[in-house]
Amino acid sequence: MDDVSDQYAPEDVEASVNAYWDEHDAYEAAKEAHADDPPFFFVDGPPYTSGQMHLGTAWNKTLKDAIIRYKRMAGYDVTDRPGYDMHGLPIEVKVEEELGFDSKKDIEEYGMEAFIEECKSFAERNREKMDEDFESIGAWMDWDDPYRTVSPEYMEATWWAFKRVHENGLVERGKRAINQCPRCETAIADNEVEYHEIESPSIYVRFPLSDREGSLVVWTTTPWTIPANEFVAVDAEMTYQAVDATRDGETDRLYVAEPCAEDVLREGRYDDYEVAEELSGADLVGWAYDHPLADEVPDNPDTEGTGQVYAADYVEADRTGLVHSAPGHGEVDFERGRELGLPVFSPVAGDGTFTDEAGTYAGRFVRDANDDIIADLDAKGYLLASGTTTHRYGQCWRCDTDIVYLATDQWFITVTDIKNELLENIEDSEWHPEWARDNRFKNFVEDAPDWNVSRQRYWGIPLPIWVPEDDPDPDAEDILVVGTREELAERADGNVDPEAVDLHRPSVDPITITEDGVTYERVPDVFDVWIDSSVATWGTLGYPGNEDAFDELWPADLIVEAHDQTRGWFWSQLGMGTAALGEIPYDEVVMHGFANDSDGRKMSKSLGNIVTPEEAIDRYGRDPLRAYLMSHDQHGADLSFEWEGLAETQSTLNIFWNVFRFPLQYMDLDDYDPADASLDDGELTVVDEWVLSRLQSVKAEVDAAWDEYAVHDACNAVLDFVTEDVSRFYVKATRERMWEEADSASKRGAYATLATVLDETIRLLAPVTPYITEEMYRTLDGDATTVHQLAYPTVDEAYHDPELERNVAVLRAVEEAAANARQQGGRKLRWPVPRVLVESDDGGVREAVDSLADLFGERVNARSVAVVESFDELVERADPEMGVIGPAFGGDAQEVMAAVEDRRREDLTADDGETPYAVTLDGERYDLTAEMVSFRAEPPADVAGADFEVSDDDGDRTGGTVYVDTSLTDDIEAEGYARDVVRRIQEMRKRLELDVDERIRTRIDVADDRVAAFVDERRDLIAEETRTAEFDADADDLTEEWDVEGVAVTIGIERLEAEQRTA
RNA sequence: GGGCCAAUAGCUCAGUCAGGUUGAGCGCUCGGCUGAUAACCGGGAGGCCCGCGGUUCAAAUCCGCGUUGGCCCA
């Protein structure tokens, strides 16, 4: 116990605990201790291995770690396998950057296999770094065996699932409108598209009508989609106008929506116009027009149905009210085109260049061709107006390249076919907070489109789809989907070793399968990386390779992620779980928030407001950071990171440290072992009983909080208990008992109580602050290898006494008021007061104080305590009412006022009963009416009062007033001065660094004779309190002059010779 | 453009579901305590509860419309 540091130094504690954990395999011990407990299947949402830990991931892993530690202590065998998401475009893009690549061509030239190797080693390097990061914040997970999405077993889990999805009839190949990143040359999912403001062309184009005079006017920001225009959409309900517009003497007939007419004509710089006709949108349907770029793009399908007006629900009265529609370049256009049975024309390649189908524009990058297209339209007289506009536009989430919308052939999981099942399965999961599921997640799932799972890339899990070699566009029933490596080995042409095969590209690419005379080859695509993590619940268990664990554990009991995962992992798992197995793969979800900067803004490089976990740990330590993060709302609310808040948390833990350290030296002196503490040994006082009861209440509160995974409530309840109840009240009330030299039942009771409180508090906080609690546990007990293998404390009703808790709550409110009154009376706590009166009209309050009167008297340092319903010594003093006195007495009013002011009621009361009150001035009597004087009740001289307030059993407020009599007697002065002297001697002892029990020689010279007499009178008390063996005028190891209440007191102390030091 | 969440003391947050005198911690300031002492405790100052409407005897709380921030979607 000697090596417990005076000051809570997180870095020292954490370093020593870390070394201890390593040396004693504490993590393994904790796991082993609960190996036979019922299982708890936690699944780690795999972080992506493209970067290092930031504050948000630190929060996430800390929360998971706290829950895992708690669950373990609560008696579960917890699955704690961490995971890493290691495939995907983001890593490819980083590696491309490292290698200086610009396009897929560079990759092909470098060699696919070499490139994939680079991606793999990049992901592995990052993973190892992240292992260290997560371990560095104390996350106890199975770092020796994380699941990695690149491992053959894990990849197999996706194949297996996808095969199930196919068997369920939910795999489909088809043309869809997709987002294409022209740089990465792959389709990207809707949720991989990020939106930003860009400047684009803004053009108004005339589409000349075929069968009548005039033109339709459309507006677009993507001139490059006009070559693929196939129809114009109108709102059937909207009113359209035929407008004869005149410019430079020429008149054009233009068709636009009525609300848009004026704007369009202004844009077209027409001088004048006349409305020739009004029509509904429905009237326009079926009208044919000539494609304005028919000459330039001869391949644009000129079939039955194209080049016409149709109604569509995506039309708004915006710009022109007529919408240029190109099914090959937009999702809504695509859907409507499909309904109408129109062909899909998308003359753009994956790299964003026009194909040969685009005629004169072939080979040009689409956005580079905008100007030519505009010029061609202008030359042909179809350009009504041309300018620019800023608007939101999608870009690739990884390389920030603006996307192009294309219609290409992709592989889909048709989750829209099972929408109802998805929504039903959501109901099987419990979310914290609830609104995240019922509002946010449900809305998202309702709107979710089919899942495009194919990516035309390299670093990913290859699609396990084989298609007939002579049928590149097969129906779903004509494809083969392989579910396992074993199956691949069985069905493949040629030899495949299931143990050795690397499922990555390019090694799987050449594998063919021949069945029933048809040879199949693998489609070259890889999976969308969201597929990888979507199978994490069984991937974690090594399924399908390992079936036992799956049968026992699946589905997951709990997952824990931030709110961005509604669209991510929460969704992908629901989608995959439902499509493959018909079930949601997790039972409970904790959705936490984001770590923002102190202004609530996102931390970002560009804002320069990033706080790293490393910096936070360097400045304040791991436990303080963990406790700080955990003390904030864990259910969906964002955190605004504040350095001051972190500092505050550290000082809270410092209080915990002090509470822990305080009894050690006394226990040490008495050879008391806190590990053997028993509440049956010694005598429990009312404060002991109280703090033990509070401990039961706190455990009940903490238990309820953990049930909801409200880690913040659990953490704060314990920390509040430590600071508020243990430090501020219990320790203060118990100090003197520990200071007693002789062994006593009371002291042993105090030791046992504090040892019990510490033991349980340590265990209650262990999940959140693992280092400091381990250090404390090792100091106090250390019997088990680690505190984290012990059982989480539970409520012991035998020590629960709610009535006592209520009474003490009243006592504390009253005590606070007494301190206030003392301050008003100018009497510091060290000086006793003759009496304290508690006045309350509430019987419950009086009973509470009565029941604890002795304790109360001690705490407020009062010689006597009285509890009364009303304090009968209050003095009513007069306030003259000048509004009445003035008019009544005229010139004498000022003197009357002075005579009335502050007089006691009985002194003012007229003795003849003629009038209520009277005063006499220079022998002349002035009668006063009741209206002329008001009274206020005041305590008598030397008594100060202060109000207090408490809540009663029904939660209503009640209270009263505390009166402190601060009058002095010789006896009180003597004790006051003596205690002032004691206090100074103690400080000097401390300065000399004397042992607590070391005896001294003391000299006291008081400059004032009266005070000197008081001090002399109490020499015994002083000697006892300061362990003074004798008073000696020559004691001078340390001499100091003090000012005690304005009197100079010179004090000297001296060590005794060695043999005399202990009595 | 749409959905969800948040906005309360200088700062971080309770209180909002179930309407009934806005609380705590930190900071500031004044004081106290003292062998937990580079620790600890008390008093005080400090609030148009984001704004505007509405419901109600009564709104921080319920409803509507906005503003700002966060997340998600288009």
Side-chain angles (χ1 to χ4, degrees), chain A residues 4 6-8 190-191 193 195 314 316 318 331-332 391-392 394 433-444 446-449 562-568 571 591 593-602 628 631-633 635-649 651-652 654-666 712-713 716 719-720 723-724 727-729 731-732 734-735 738-739 815-824 826-830 861 946 949 957 979 982-991 993-998 1025-1027:
Chain A
V4 173
D6 285 356
Q7 197 66 28
Y8 170 47
D190 285 343
N191 57 21
V193 177
Y195 289 81
Y314 53 81
E316 289 174 359
D318 180 46
E331 194 179 334
V332 288
H391 63 131
R392 311 257 294 161
E434 233 172 297
W435 55 258
R437 184 192 76 169
D438 293 342
N439 302 330
R440 202 172 228 266
F441 193 51
K442 209 167 273 182
N443 288 345
F444 180 84
E446 276 165 1
D447 293 341
H563 48 46
D564 57 334
Q565 297 301 332
T566 37
R567 74 159 179 179
W571 157 244
M591 186 190 89
F594 268 33
N596 294 327
D597 75 3
S598 53
D599 297 324
R601 275 162 218 279
K602 192 178 182 157
Y628 173 65
S631 63
H632 282 76
D633 190 342
H635 291 176
D638 289 342
L639 161 74
S640 300
F641 181 88
E642 282 274 330
W643 283 110
E644 283 181 10
L646 180 52
E648 194 182 315
T649 307
S651 40
T652 301
N654 187 32
I655 295 175
F656 187 30
W657 184 263
N658 281 328
V659 168
F660 147 76
R661 177 168 92 77
F662 154 73
L664 297 183
Q665 54 184 325
Y666 306 113
H712 47 294
D713 288 338
N716 291 331
L719 290 176
D720 285 350
T723 54
E724 197 66 38
S727 173
R728 286 181 197 172
F729 197 90
V731 168
K732 205 170 158 188
T734 311
R735 248 185 199 152
M738 304 247 171
W739 182 231
E815 185 187 331
E816 202 172 299
N820 189 349
R822 251 185 188 278
Q823 196 164 322
Q824 285 175 41
R827 187 70 68 234
K828 54 191 176 187
L829 185 59
R830 198 148 54 221
N861 197 11
E949 210 175 57
R957 291 183 190 190
R979 294 214 174 267
V982 168
R983 152 85 194 97
R984 265 67 175 196
I985 297 172
Q986 301 289 35
E987 188 161 331
M988 292 172 70
R989 285 182 60 105
K990 183 78 186 167
R991 218 169 295 167
E993 295 183 350
L994 301 185
D995 283 343
V996 166
D997 56 344
E998 192 167 336
E1025 292 288 321
T1026 63
R1027 302 207 166 158

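The chains referred to below are lettered A, B, ... by the order of the sequence lines, with proteins before strands, and numbering in each begins at 1.
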Enquirer: Any sub-3.5 Å donor-acceptor pair from A:Asn596's side-chain atoms to A:Ser640's backbone N or O?
Expert: no
Enquirer: Contact class for A:Asp447 vs. all strands (heavy atom < 4.0 Å): base, sugar-phosphate, or nothing?
Expert: nothing
Enquirer: Regarding A:Ser727, tell me which of base, sugar-phosphate or nothing describes its non-hydrogen contacts under 4.0 Å with the strands shown.
Expert: base
Enquirer: Using OP1 and OP2 only, check whether a side-chain N or O of A:Tyr8 sits under 4.0 Å from B:A38.
Expert: no
Enquirer: Could you check whether A:Arg735 gets within reach of a base, just the sugar-phosphate, or nothing at all, counting any heavy atom under 4.0 Å?
Expert: base
Enquirer: What does B:G10 pair with, Watson-Crick or G-U, if both distances are under 3.5 Å?
Expert: B:C26
Enquirer: Any strand counts, and the cut-off is 3.5 Å on both contacts for Watson-Crick or G-U wobble. Which nucleotide pairs with B:C50?
Expert: B:G66
Enquirer: Taking pairing as Watson-Crick or G-U wobble with both contacts under 3.5 Å, can you name the mate of B:G20, or confirm there isn't one?
Expert: B:C57
Enquirer: Among residues at least two apart in sequence or on other chains, which ones pass side-chain contact (heavy atoms from CB on, under 4.5 Å) with A:Asn443?
Expert: A:Glu446
Enquirer: Do you see a donor-acceptor pair shorter than 3.5 Å between the side chains of A:Asp638 and A:His563?
Expert: yes
Enquirer: Could you check how far CZ of A:Arg979 sits from C1' of B:G32, rounded to whole Å?
Expert: 16 Å
Enquirer: Nearest-nucleotide wise, let me know which of A:Gly636 and A:Ile985 is further upstream toward the 5' end of RNA chain B.
Expert: A:Gly636
Enquirer: Between A:Asp564 and A:Lys828, just flag the one whose closest nucleotide in RNA chain B comes earlier from the 5' side.
Expert: A:Lys828
Enquirer: Going by the rule side chain to side chain donor-acceptor pair (under 3.5 Å), which residues pair with A:Glu648 if we only count those two or more places apart in sequence or in a different chain?
Expert: none
Enquirer: Can any side-chain N or O of A:Tyr628 pair as donor or acceptor with the backbone N or O of A:Glu642 at less than 3.5 Å?
Expert: yes
Enquirer: For a quick check of understanding: with a heavy-atom distance under 4.0 Å over all strands, which category does A:Trp657 fall into, base, sugar-phosphate or nothing?
Expert: nothing
Enquirer: Residues two or more places apart in sequence or in another chain: which of them pass side chain to side chain donor-acceptor pair (under 3.5 Å) with A:Thr649?
Expert: none
Enquirer: In whole angstrom, what separates A:Lys732's NZ from B:A39's C1'?
Expert: 14 Å
Enquirer: Between B:G1 atom P and A:Glu331 atom CD, what is the distance in whole Å?
Expert: 20 Å
Enquirer: Output all residues satisfying side-chain contact (heavy atoms from CB on, under 4.5 Å) with A:Asp564, sequence neighbours left out; order by chain, then residue number.
Expert: A:Ala562, A:Phe594
Enquirer: With both distances under 3.5 Å as the test, what is the Watson-Crick or G-U wobble partner of B:C71?
Expert: B:G3
Enquirer: Taking N or O atoms only and anything under 3.5 Å, show me the protein contacts with nucleotides 25-27 of chain B, one pair per line.
Expert:
from	atom 1	to	atom 2	distance (Å)
B:G25	O2'	A:Glu648	OE2	2.8
B:C26	O4'	A:Glu648	OE1	3.2

Enquirer: Has A:Arg822 got a side-chain atom pairing as donor or acceptor with A:Lys828's backbone, closer than 3.5 angstrom?
Expert: yes
Enquirer: What distance, rounded to whole Å, do you find between the two P atoms, one in B:A39 and one in B:G23?
Expert: 30 Å
Enquirer: Show each protein N/O and nucleotides 67-70 of chain B N/O combination with a separation under 3.5 Å, one pair to a line.
Expert:
from	atom 1	to	atom 2	distance (Å)
B:G69	O2'	A:Gly600	O	3.0
B:G70	O2'	A:Asp638	OD2	2.3

Enquirer: At 4.0 Å (heavy atoms only), tell me whether A:Phe729 reaches a base, stays on the sugar-phosphate, or touches nothing.
Expert: nothing
